[in-house]
Structure formats: C-alpha cells, structure tokens
Amino acid sequence: MNLLDYNREDLGQFFTEWGEKPFRATQVLKWVHQLGVTDFDEMTNLSKALRQRLHTETSLTIPQIVTEQVSVDGTRKWVLELADGNRIEMVFIPEDDRNTLCISSQVGCVLDCSFCSTAQQGFSRNLTVGEIIGQLWLAEHHLRSQNIYATDVQQRAISNVVLMGMGEPLANFKNVVKAMNLMRDDFSYGLSWRRITLSTAGVVPAMERLKQQCPVNLAVSLHAPTDELRNELVPINKKYPIAELLNACRDYIKNESRRKITFEYVMLQDFNDTPQHARQLAKLLRNVPSKINLIPFNPFPNSPYQRSSQARINEFRDILIKAGLITVTRKTRGDDIDAACGQLVGRVFNKRQGHTQPIMMQGARG
Ligand code: SAH
C-alpha cells in the first residue's frame with residue numbers, strides 16, 4: 001500500500017487499526033508532504049517500532065523524474081514515469097507573483113476533442129491519488145532543493161496548481177477530489193481553493209458534485225459559441241450541450257465567494273475566430289460571471305487546424321472586452337521545450353501490443 005494515496009482521514013483510520021493514536025496521521029502527513037521525507041527512519045517523533053512496521057508494511061511510491069527541460073523563459077517540463085511504465089508530463093510555470101504547476105489527471109483521455117493531440121492517442125487509465133499528489137510532491141521538493149520559491153507564499157515553491165495537463169479531471173472524479181483535498185489540507189500543502197484551478201471539457205453532472213465536495217476554481221473548455229461548432233471540437237457537447245453547461249456554471253458559483261468561471265477558448269484560424277463568433281460568444285456569456293482566456297492553438301503533427309493570426313486574436317479579444325467581458329490572451333510559455341498547450345508528450349504502455357507508444361498531451365497554460 002502506497003501511503004501517498006492516503007489523506008488525513010484514511011491515515012487516522014489506518015493508525016487506529018494499528019492501535020496507534022489518530023494524531024499519528026498529522027505527523028506522517030507533515031513528514032511526507034511538508035518536509036518531503038520519505039525515509040521512515042527519519043520520522044523521529046514516531047516510535048521505533050512504528051517506523052519499523054511502516055517500513056515493512058507500507059511504501060511511499062512517487063513518480064520518477066525521467067527528464068527535466070528548462071525553457072529560456074524559466075518554464076520547466078518534467079517527464080515522469082509511473083510504477084507501471086506509463087509516462088506523463090507536468091509543467092512548472094514561474095511568474096512574478098506566483099509559481100504554477102500544471103498536473104495531469106489521467107494517462108490519455110477518452111473525450112476525443114478534435115484539436116487536442118491526447119485524443120489521437122487514446123486512453124490508458126486514471127491516475128491514482130498518489131500519482132496526482134505525487135506530481136506536486138515532486139515539484140515542490142525538487143524545486144525547494146534548488147532554492148526556488150514562490151515570491152508571494154512563504155517557504156513554498158509551488159503557490160498555484162492547475163489541473164490542465166493530460167486527461168479530463170472530472171472523469172477521474174474520486175481520485176482528483178481526494179488529491180485536491182490533500183493539497184488543501186493544512187498539514188500537507190495548505191493551498192487555498194483560490195490557488196487550485198480544475199479545467200473541464202464540461203462533464204456537467206460532476207460539476208455539481210465538485211461544488212459540494214471540493215469547491216475550487218473552475219475553468220471550462222468552451223472553444224465555440226454554438227452547439228453546431230462545439231459538437232465538432234468537443235464531442236462531449238453532444239451529451240451536455242452549451243445551455244446545460246452554462247447552467248451548471250451558473251450553479252457552480254451561485255451563493256459562493258468564488259465569483260467567476262474561467263472560459264478557455266482555443267483560437268483556430270477561420271474556424272471559431274471570426275468577429276461574428278466573438279459577438280455570439282459575448283451574447284452567450286452575458287449572464288455568466290466570467291473571465292475568458294483565449295489560447296492560441298498549438299499545432300501538432302497532422303493537426304487539422306491552424307493557429308489564428310495575432311491580428312484575429314486581438315480583434316476577437318477587443319470585441320469581447322467592448323462587450324464588457326474580462327478577456328486575456330494566454331501567453332505562450334515554454335514552447336522552445338515543447339511545454340505549451342498541446343505540445344506535451346507522454347507515453348502509454350500498451351500491454352496488449354507489449355510495447356510503448358508515444359502520446360501527446362495538452363499542457364500547461366498556453
Ligand atoms: N480535459 C480538460 C483538461 C485539459 S486542460 C479540459 O478539456 O479542460 C488543457 C487546456 O488546453 C484545455 O482548455 C484544452 O482545450 C487546451 N488545449 C488542448 N489542446 C490544445 C492545443 N493543441 N492548443 C491549444 N490549447 C489546447
């Protein structure tokens with residue numbers, strides 16, 4: 001059993017079963033997540049007998065860093081290998097006022113969005129809680145060991161986490177929620193919900209459950225102002241069309257202190273980027289408190305679309321701003337190391353064929 005899969009409650013229960021005091025849970029959480037200690041012998045406030053038992057009966061399995069690449073703009077991309085040989089990637093994006101980590105929730109994806117390279121490679125499996133929180137563990141302690149800290153949060157390397165890597169986080173609901181609650185636990189990372197953003201293609205029923213179980217910032221991959229167009233880009237739209245999705249968005253922020261939904265909109269030349277599309281989008285979002293992120297499309301081999309020109313993107317943005325919508329164009333970060341959205345490459349271990357194949361994934365912020 002991997003202790004990284006356990007949250008405070010699980011650990012409390014676990015130690016009680018062993019006849020230990022429940023507060024051992026918070027001690028172990030602190031050692032592992034706050035201090036980055038994985039050797040039970042170093043956990044000096046636990047009895048020697050308990051350390052020995054942990055040693056023989058449990059493990060702390062963390063994804064392995066295969067490669068690390070650093071971009072000229074400071075963005076870093078890590079390729080991680082999981083215990084079963086699957087590979088995923090995560091991206092670190094340093095900014096003046098924050099350090100953001102973009103993490104994955106699945107190996108591959110089932111959603112089949114036409115502009116996303118992950119779709120072309122299929123789905124392997126959900127990540128475990130330990131593999132999701134393990135990404136934050138790795139980045140946090142690896143960066144700290146290099147004296148890299150976020151400027152705005154005392155003694156922490158990562159100040160913000162975005163679930164915008166490979167996979168659909170709401171399709172791996174249980175593990176994702178458990179991992180996010182661990183990120184928020186004061187005895188592990190103590191990240192406020194304001195510093196965690198989950199991006200979804202629009203798994204409507206799970207949005208309501210997310211609000212109840214782990215209300216974090218929500219980003220929605222909208223990408224088109226009409227069902228006709230969105231059906232082509234994001235096929236899950238056929239199941240949960242735009243009107244239902246926007247209702248779920250309104251519900252998500254109703255009576256809550258988080259006041260806005262972020263809408264992601266990938267800019268595809270001549271496909272969804274005309275002034276008419278912008279006006280349709282402005283009308284659509286009139287009654288949804290929102291922030292719009294325009295993402296210049298990052299092409300990949302055999303992709304059927306092209307990135308909109310800068311002039312088109314600016315014109316689109318200005319129409320939205322004039323209509324009163326908060327709109328920003330996402331900066332492209334780390335594209336020299338293939339770390340931008342749509343450029344990450346993982347690897348699915350294909351048991352049937354007995355060999356590995358590369359997979360592309362959508363990555364961090366733009
Ligand atoms: N499945 C979730 C999480 C992925 S988040 C979701 O759909 O929201 C990654 C973001 O990058 C999404 O908004 C996605 O639509 C976008 N993206 C995917 N491929 C891209 C590409 N080739 N260029 C630009 N953005 C892309």
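On a predicted model such as this, the values are computed, not experimentally measured, just so you know. We count ligands from 1, going down the list as the structure has it; atoms in each ligand are counted the same way.
Every residue was checked against the side-chain contact (heavy atoms from CB on, under 4.5 Å) condition with K174, not counting sequence neighbours, and none meets it.
Atoms of ligand 1 found under 4.0 Å from any heavy atom of G167 (numbered from 1 in listed order, with element): 1 (N), 2 (C), 3 (C). Atoms of ligand 1 lying under 4.0 Å from at least one heavy atom of V266, given by number and element, are 24 (C), 25 (N). Taking every non-hydrogen atom of G165 and a distance limit under 4.0 Å, the qualifying atoms of ligand 1 come out as 4 (C). When each atom of ligand 1 is checked for a heavy atom of I295 under 4.0 Å away, the hits are 24 (C), 25 (N). Counting atoms of ligand 1 from 1 in the listed order, those under 4.0 Å from a heavy atom of A201 are 6 (C), 7 (O), 8 (O). Which parts of ligand 1 touch S221 is read off a 4.0 Å heavy-atom cut-off, strictly below it: atoms 6 (C), 7 (O), 8 (O), 12 (C), 13 (O), 15 (O).
Hydrophobic clustering (side-chain heavy atoms under 4.5 Å, transitive across Ile, Leu, Val, Met, Phe, Trp, Tyr) groups Y189 together with L35. No continuous path of hydrophobic side-chain contacts links I321 to F263 [ILVMFWY only; heavy atoms under 4.5 Å].
Residue contacts with ligand 1: H223 is placed with a nitrogen or oxygen under 3.5 Å of a nitrogen or oxygen of the ligand (distance criterion only). For ligand 1, one of its N or O atoms has an N or O atom of F115 under 3.5 Å away. The shortest N or O to N or O distance between E168 and ligand 1 is under 3.5 Å.
Residues Y305 and F271 bring their aromatic ring centres within 6.0 Å.
Among the candidates N126, N175, N172, the single residue satisfying the side-chain hydrogen bond (donor to acceptor under 3.5 Å, both in side chains) test with Q106 is N126.
In T200, the part holding a heavy atom less than 4.0 Å from any atom of ligand 1 is the backbone. Both the backbone and the side chain of N298 come within 4.0 Å of ligand 1, judged by heavy-atom distances. At a heavy-atom cutoff of 4.0 Å, ligand 1 is contacted by both the backbone and the side chain of M164.
Applying the salt bridge (charged side-chain N to carboxylate O under 4.0 Å, His left out) test to pairs two or more places apart or on separate chains, those with a residue in residues 103-128 are D84-R125, R125-E131.
Salt bridge annotation for D227-R230: absent, with no cationic side-chain nitrogen under 4.0 angstrom from a carboxylate oxygen.
The number of heavy atoms from other shown groups lying within 6.0 Å of CD (E68) is above 12.
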